[in-house]
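As the structure is a prediction and not an experimental result, all values here were calculated from the model.
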There are 2 protein chains.
Amino acid sequence: MNEALKRKESDERFSVTYRITVYDNRSIDEHARDITVEQSVEIPHDCIPDEIHERGIVGWIESIELVPHTRNQHDVVISYRSDNTAFSIPQFLNVIYGNISLKKGIKIIKLDLTSALLEVFGGPAYGIEGIRALTGTYKRPLACTALKPLGLSTNQLAKMAGEYARGGLDIIKEDHGMADMAYHRFVERVPRFQEAVREANAKTGGNTLFFPMISGGFDEIEQQVALAKSLDIKGILVAPLLVGVDTVRALARKYKLAIMTHPSFTGTHFHDPAHGMTPAVLLGTIFRLIGADISIFINSGGRFAVTEEECQDLAIALRGTLGHIKPSFPCPGGGMRLDRIEAMAQSFGQDTVMLIGGALMQHSRDLEKSASVFMEGIRQHFGEERRAVAH
Amino acid sequence: MNEALKRKESDERFSVTYRITVYDNRSIDEHARDITVEQSVEIPHDCIPDEIHERGIVGWIESIELVPHTRNQHDVVISYRSDNTAFSIPQFLNVIYGNISLKKGIKIIKLDLTSALLEVFGGPAYGIEGIRALTGTYKRPLACTALKPLGLSTNQLAKMAGEYARGGLDIIKEDHGMADMAYHRFVERVPRFQEAVREANAKTGGNTLFFPMISGGFDEIEQQVALAKSLDIKGILVAPLLVGVDTVRALARKYKLAIMTHPSFTGTHFHDPAHGMTPAVLLGTIFRLIGADISIFINSGGRFAVTEEECQDLAIALRGTLGHIKPSFPCPGGGMRLDRIEAMAQSFGQDTVMLIGGALMQHSRDLEKSASVFMEGIRQHFGEERRAVAH
């Protein structure tokens with residue numbers, strides 16, 4: 001945290017665009033005004049001192065626009081003083097959506113942040129360029145799989161990791177359900193998987209990366225990250241809504257590991273078009289802000305309900321301009337198969353991490369072969385351009 | 001964490017009751033079976049080794065019952081091995097609802113935990129009896145207000161805290177939006193508010209408690225809690241979904257402060273009866289498990305949409321039997337006024353914390369008087385029985 005920024009009483013403001021669906025007889029102006037108060041001073045309108053209004057501590061309605069082809073939906077831009085967030089992630093979430101999450105008909109569809117907020121939150125340490133430099137491959141999507149299933153012996157899983165790495169995958173992540181169980185102790189399995197991948201790389205000359213899943217509690221998580229770092233592991237998988245959104249930001253900043261975020265426990269935001277946040281805002285802008293170099297999301301056409309348009313908006317939120325913040329890789333997954341490579345290539349283009357999990361196990365019992373088929377599928381569309389990796 | 005518990009490969013199982021709404025042509029059995037796999041091994045059914053099934057690592061369908069008066073809703077009880085949770089809160093959330101949060105039509109309506117899980121998570125340090133011992137009052141609901149608005153000077157807010165305390169309120173909590181802003185630095189304001197309440201207690205012989213809001217980031221939050229503890233503050237306000245659910249458990253266990261939880265950012269779970277968790281499960285069972293002595297929720301009849309039945313179920317989840325875990329206070333709030341005291345008394349009875357915020361400011365500019373009216377309203381229904389507080 002930048003103490004100078006935190007100490008300054010600032011009149012800079014950032015904006016949130018809320019899509020508001022009105023289900024009652026009150027006007028859109030009243031609904032918007034309620035938000036400005038609920039998300040700041042939270043007292044009855046008639047109790048707000050003039051001085052508090054003058055200092056801009058209550059939210060301001062910047063604009064209200066009817067959503068085309070609707071009667072009861074409006075896009076309302078509300079600005080808040082940047083320092084109402086205390087320049088911290090928990091309070092930032094509190095300001096943009098804390099109490100109003102308990103109301104109906106309010107969805108966040110866009111965030112416009114100030115340079116001070118962007119600077120404090122920081123964004124990815126690597127970004128697309130940095131992850132490419134770690135893997136040594138350019139101009140094509142990266143290939144990723146998940147090490148699973150849970151419950152297999154560490155020996156078997158280490159063998160699988162080696163096979164996937166010899167098949168040439170760029171990233172092997174642990175299954176997001178692989179926690180510190182008695183039958184899979186973190187301190188025992190993670191060094192083994194990293195070693196299996198390192199050995200395979202030594203044989204093939206490749207640069208496959210291994211990302212362990214980090215889901216320890218408050219008093220364990222930092223030890224897990226430190227252990228990964230000590231093993232020369234380059235990145236981790238983490239689910240911000242499980243371990244705490246700011247936990248990810250803080251650990252990303254301190255340990256400079258590549259961060260792959262997982263959408264576990266985020267789904268309550270997405271399934272209603274009139275409530276929560278869009279995938280673009282939560283898995284895109286917010287996860288990128290806290291440090292996601294790669295953001296996994298559920299692709300359309302898999303085993304979850306999500307639209308192609310939502311996925312495209314998310315990719316834009318991850319890769320588009322956001323102040324000085326580096327662009328991040330979208331990582332479509334969630335039931336992707338080898339026959340979806342072409343569709344993913346067309347949808348998301350070269351700056352994408354393609355995640356195919358269980359389907360590699362289904363394709364062949366020879367996982368090295370499955371991985372090769374995956375790589376071949378990507379190279380057919382994009383070719384290959386490798387450069388040496390600095391170790 | 002109990003290492004012996006964590007190390008043991010256990011065949012104990014805990015259960016989750018999912019209310020499943022089927023929107024497609026697939027059978028309820030298929031939907032249930034999908035959950036057993038999605039929330040454990042997460043690979044295609046045909047790739048699951050027999051050994052993994054035999055060890056019970058995949059979820060088991062324990063029962064499926066049609067919800068009366070519906071055609072497409074079923075209550076499905078699924079059990080998981082306790083140690084699939086790694087006996088940690090982030091992974092527990094991952095197992096019960098991580099990936100399936102991204103699907104439609106799945107709501108958690110009940111949790112049945114094992115004694116091992118209850119022991120590890122621990123529950124409140126004080127519970128209803130312990131909080132009563134801190135406040136010295138028995139047989140009536142406790143009265144609580146929030147110190148606000150944000151942006152008022154520390155002097156003005158400290159003066160208000162003193163007035164509320166002299167009026168005899170049991171708990172004065174900070175507004176949940178009061179974070180570590182430049183105009184309200186935590187280290188400056190919290191000692192002042194505590195001192196104002198202490199002075200008032202010295203004058204009146206009362207036992208009003210002051211609870212600061214704790215919403216610091218991962219690398220700040222423990223310092224905030226430690227500062228509160230050093231000031232002889234007895235409890236804190238914290239929003240688990242802002243700072244991380246396990247963060248609250250860990251800090252509650254380590255610092256033995258009373259914990260009042262705030263529902264900020266939880267609302268995406270509640271607004272759809274076919275998605276998320278019920279308030280009883282999230283604000284009741286889960287918040288109680290991680291240590292809530294008092295759980296604030298939105299009462300029906302306030303400024304948020306919530307039903308009387310949901311509130312009653314939540315009170316039961318907080319106060320009902322849950323192994324050795326202590327019962328917690330339900331704390332109805334969210335736009336409550338002085339004229340709602342009778343209704344709250346009838347709905348929730350004596351073991352309740354009544355939260356009235358802005359309405360005390362509206363009632364009179366003399367906050368001591370407003371607080372007295374609040375206390376008088378409670379005593380009319382329940383009388384007063386005080387005992388000395390051990391300091």
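Between chain A and the residues B/Gln362, B/Lys104, B/Met361, the largest count of heavy-atom pairs under 4.5 Å involves B/Gln362. Counting heavy-atom pairs closer than 4.5 Å to chain B, the top residue among A/Val58, A/Asn84, A/Thr266, A/Asp272 is A/Asn84. Heavy-atom pairs under 4.5 Å with chain A were tallied for B/Val41, B/Val248, B/Val243; the largest tally goes to B/Val41. Contact count versus chain A (heavy atoms, under 4.5 Å) is highest, among B/Pro44, B/Ala146, B/Ala359, B/Pro263, for B/Pro44. Between chain A and the residues B/Ile96, B/Leu102, B/Leu150, the largest count of heavy-atom pairs under 4.5 Å involves B/Leu102. Heavy-atom pairs under 4.5 Å with chain A peak, among B/Leu251, B/Val95, B/Ile52, B/Ile48, at B/Ile52. Listed options A/Ser101, A/Ala239, A/Pro49, A/Cys47 were ranked by heavy-atom pairs under 4.5 angstrom with chain B; first place goes to A/Ser101. Interface remark: of the candidates A/Ser264, A/Gly358, A/Gly244, A/Ser264 forms the most heavy-atom pairs closer than 4.5 Å to chain B.
Between A/Phe265 and B/His269, the ring center distance clears the sub-6.0 Å criterion.
A distance of 8.0 Å separates CG in B/Leu152 from CD1 in A/Ile43, rounded to the nearest 0.5 Å. Here B/Phe218 contributes atom CZ and A/Ile89 contributes atom CD1; the two are 14.0 Å apart, rounded to the nearest 0.5 Å. The structure places NE2 of B/His176 at 7.5 Å from CD of A/Gln91, a figure rounded to the nearest 0.5 Å. Once rounded to the nearest 0.5 Å, the distance linking CD of A/Glu51 with OG of B/Ser153 reads 7.5 Å. A/Leu242 CG to B/Leu93 CG: the interatomic distance, rounded to the nearest 0.5 Å, is 6.0 Å. Between the CE atom of A/Met181 and the OG atom of B/Ser88 there is a distance of 8.5 Å, given to the nearest 0.5 Å.
A/Asp83 has its side chain out of reach of B/His184: every pair of non-hydrogen atoms, C-beta onward, lies at least 4.5 Å apart. Between A/Arg249 and B/Asp219 there is a side-chain heavy-atom pair separated by less than 4.5 Å.
With sequence neighbours excluded, the residues satisfying ring pair (Phe, Tyr, Trp, His ring centres under 6.0 Å) with B/Phe297 are B/Phe348.
Both the backbone and the side chain of A/Asn94 have a heavy atom closer than 4.5 Å to some heavy atom of chain B. Looking at B/Asp175, the atoms closer than 4.5 Å to chain A (heavy atoms on both sides) all sit in the side chain, from C-beta outward. Residue A/Asp34: no heavy atom, backbone or side chain, is found under 4.5 Å from chain B. Only the side chain of B/Phe270 comes within contact range of chain A, with heavy atoms under 4.5 Å apart. Neither the backbone nor the side chain of B/Gln39 comes within contact range of chain A, judged by heavy atoms closer than 4.5 Å. Residue A/Ile221 touches chain B through its side chain alone, counting heavy-atom pairs closer than 4.5 Å.
Annotation: A/Arg253, atom CZ; neighbour count of heavy atoms from other residues, nucleotides and ligands within 6.0 Å is above 12.
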